[in-house]
Protein chains: 2
Amino acid sequence: MLTNKNWNCSMSRVLDVVGGKWRMNILWVINKHKRVRFNQLRREVEGITTISLTRGLDVLIENQLVEKYDFETMPLHTEYELTEKGKSLMPILKDLNQWGKEWLQ
Amino acid sequence: MLTNKNWNCSMSRVLDVVGGKWRMNILWVINKHKRVRFNQLRREVEGITTISLTRGLDVLIENQLVEKYDFETMPLHTEYELTEKGKSLMPILKDLNQWGKEWLQ
DNA sequence: CAGGATCCTACTCGATACTG
DNA sequence: CAGTATCGAGTAGGATCCTG
């Protein structure tokens with residue numbers, strides 16, 4: 001998405017990872033549940049489609065903010081959970097959210 | 001850009017305002033200088049073009065994170081400065097930047 | 001000096017339909 | 001249940017040239 005090499009702060013990379021339309025919200029909902037399944041996630045991230053959820057999860061997993069657990073059962077069963085890296089971002093997201101409430105209508 | 005109405009947290013709106021490719025960086029550099037002129041800003045936000053800088057500033061001014069001061073002299077002279085709203089976001093940006101340094105290569 | 005005007009590309013996001 | 005495949009639209013961002 002962004003990728004700005006010669007930059008003294010690492011904000012671009014942060015936005016590469018969590019700057020998408022849904023990604024912070026996905027993290028938010030996963031965190032609320034600790035562990036959550038795909039369709040439950042889709043229901044709680046309001047307005048998201050399966051494909052956007054899949055793509056958001058892919059980026060978050062690639063960057064190791066989220067871990068996926070597959071159960072080899074039928075019907076399929078998967079669960080998503082925050083990694084330590086993902087959890088470490090939550091306080092900041094909380095602050096950001098709080099800032100939005102205070103300063104944006 | 002985003003705009004997600006039925007959402008219990010206001011993160012979408014936050015990203016509407018500061019989620020662009022350059023906007024956080026622009027805030028960052030303005031904050032460093034307190035007050036800064038257009039071309040100096042362009043030099044210090046590495047890689048940005050005039051049009052991207054203009055567009056980024058427009059959004060930030062619209063949302064009152066940045067204030068613009070025009071001097072009616074020739075040659076033209078403008079200065080940009082953070083508002084209280086803009087300043088209030090800086091600690092969070094700092095945290096986000098710090099998080100990026102710790103967790104993203 | 002501080003932008004505006006134009007034109008263009010690339011990528012994100014979405015709708016719909018289908019599958020192991 | 002948990003996705004994939006395909007196609008299409010909208011928009012952020014960029015290149016280049018021009019101006020009060």
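Numbered from 1 within each chain, the chains take letters A, B, ... in sequence-line order.
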Item to complete: For B:V36, check side chain to side chain contact (heavy atoms under 4.5 Å, CB included) against everything at least two apart and list the hits.
Response: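 Applying side chain to side chain contact (heavy atoms under 4.5 Å, CB included) to B:V36 gives B:I30, B:H33, B:Q40, B:L41.
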Worksheet item: Which of these, A:F71, A:F38, A:Y69, sits in a ring-ring contact (aromatic ring centres under 6.0 Å, His included) with A:H77?
Response: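 Output: one option passes, namely A:F71.
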Close N or O pairs between protein and nucleotides 2-8 of chain C (under 3.5 Å):
| from | atom 1 | to | atom 2 | distance (Å) |
| --- | --- | --- | --- | --- |
| C:dA2 | OP1 | B:R37 | NE | 2.8 |
| C:dA2 | OP1 | B:R37 | NH2 | 3.0 |
| C:dA2 | OP2 | B:N39 | N | 3.1 |
| C:dA2 | OP2 | B:N39 | ND2 | 2.9 |
| C:dG3 | OP1 | B:K68 | NZ | 2.7 |
| C:dG3 | OP2 | B:T78 | OG1 | 3.0 |
| C:dG3 | OP2 | B:Y80 | OH | 2.2 |

Worksheet item: If we fit an axis to the first five pairs and another to the last five of the helix from C:dC1-D:dG20 to C:dG20-D:dC1, what angle do they make, to the nearest 10°?
Response: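 Overall, the helix from C:dC1-D:dG20 to C:dG20-D:dC1 bends by 60° from one end axis to the other.
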Rounded distance (Å) that lies between atom [atom2] of [N] and atom [atom1] of [X]:
| X | N | atom1 | atom2 | value |
| --- | --- | --- | --- | --- |
| A:Y69 | D:dA2 | OH | P | 16 Å |
| B:I26 | D:dG13 | CD1 | C1' | 12 Å |
| B:R43 | C:dC1 | CZ | C1' | 11 Å |
| A:W22 | C:dC13 | CH2 | C1' | 9 Å |
| A:L15 | C:dC11 | CG | P | 17 Å |
| A:E72 | D:dG3 | CD | P | 12 Å |
| B:D16 | C:dC13 | CG | P | 12 Å |
| A:F71 | C:dG20 | CZ | C1' | 19 Å |

Worksheet item: B:S52 side chain N/O closer than 4.0 Å to the phosphate oxygens (OP1, OP2) of D:dG13?
Response: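 Negative; the distance criterion is not met.
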Item to complete: Mind jotting down which residue pairs meet the salt bridge (charged side-chain N to carboxylate O under 4.0 Å, His left out) criterion with at least one end in residues 33-42 of chain B? Sequence neighbours excluded, please.
Response: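 Pairs touching residues 33-42 of chain B that pass the test: B:R35-B:E79, B:R35-B:E81.
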Practice prompt. Would you check if there is a donor-acceptor pair between the side chains of A:S10 and B:N97 at a distance under 3.5 Å?
Written response: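 Result is yes, a qualifying pair exists.
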Discussion item. Once salt bridge (Lys or Arg N to Asp or Glu O under 4.0 Å) is applied, do any residues pair with B:K87, and if so which ones, sequence neighbours excluded?
Written reply: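 Here the qualifying residues are B:E84.
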Worksheet item: For A:E67, which residues count as a salt bridge (Lys or Arg N to Asp or Glu O under 4.0 Å) partner, sequence neighbours excluded?
Response: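 So A:E67 forms no salt bridge (Lys or Arg N to Asp or Glu O under 4.0 Å) with any residue.
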Which pair of non-hydrogen atoms, one from [X] and one from [Y], has the smallest distance, and what is that distance?
| X | Y | value |
| --- | --- | --- |
| B:V66 | B:T83 | C-CG2, 3.9 Å |
| A:N63 | A:V59 | ND2-O, 2.8 Å |
| B:L96 | B:M24 | CD2-CE, 4.1 Å |

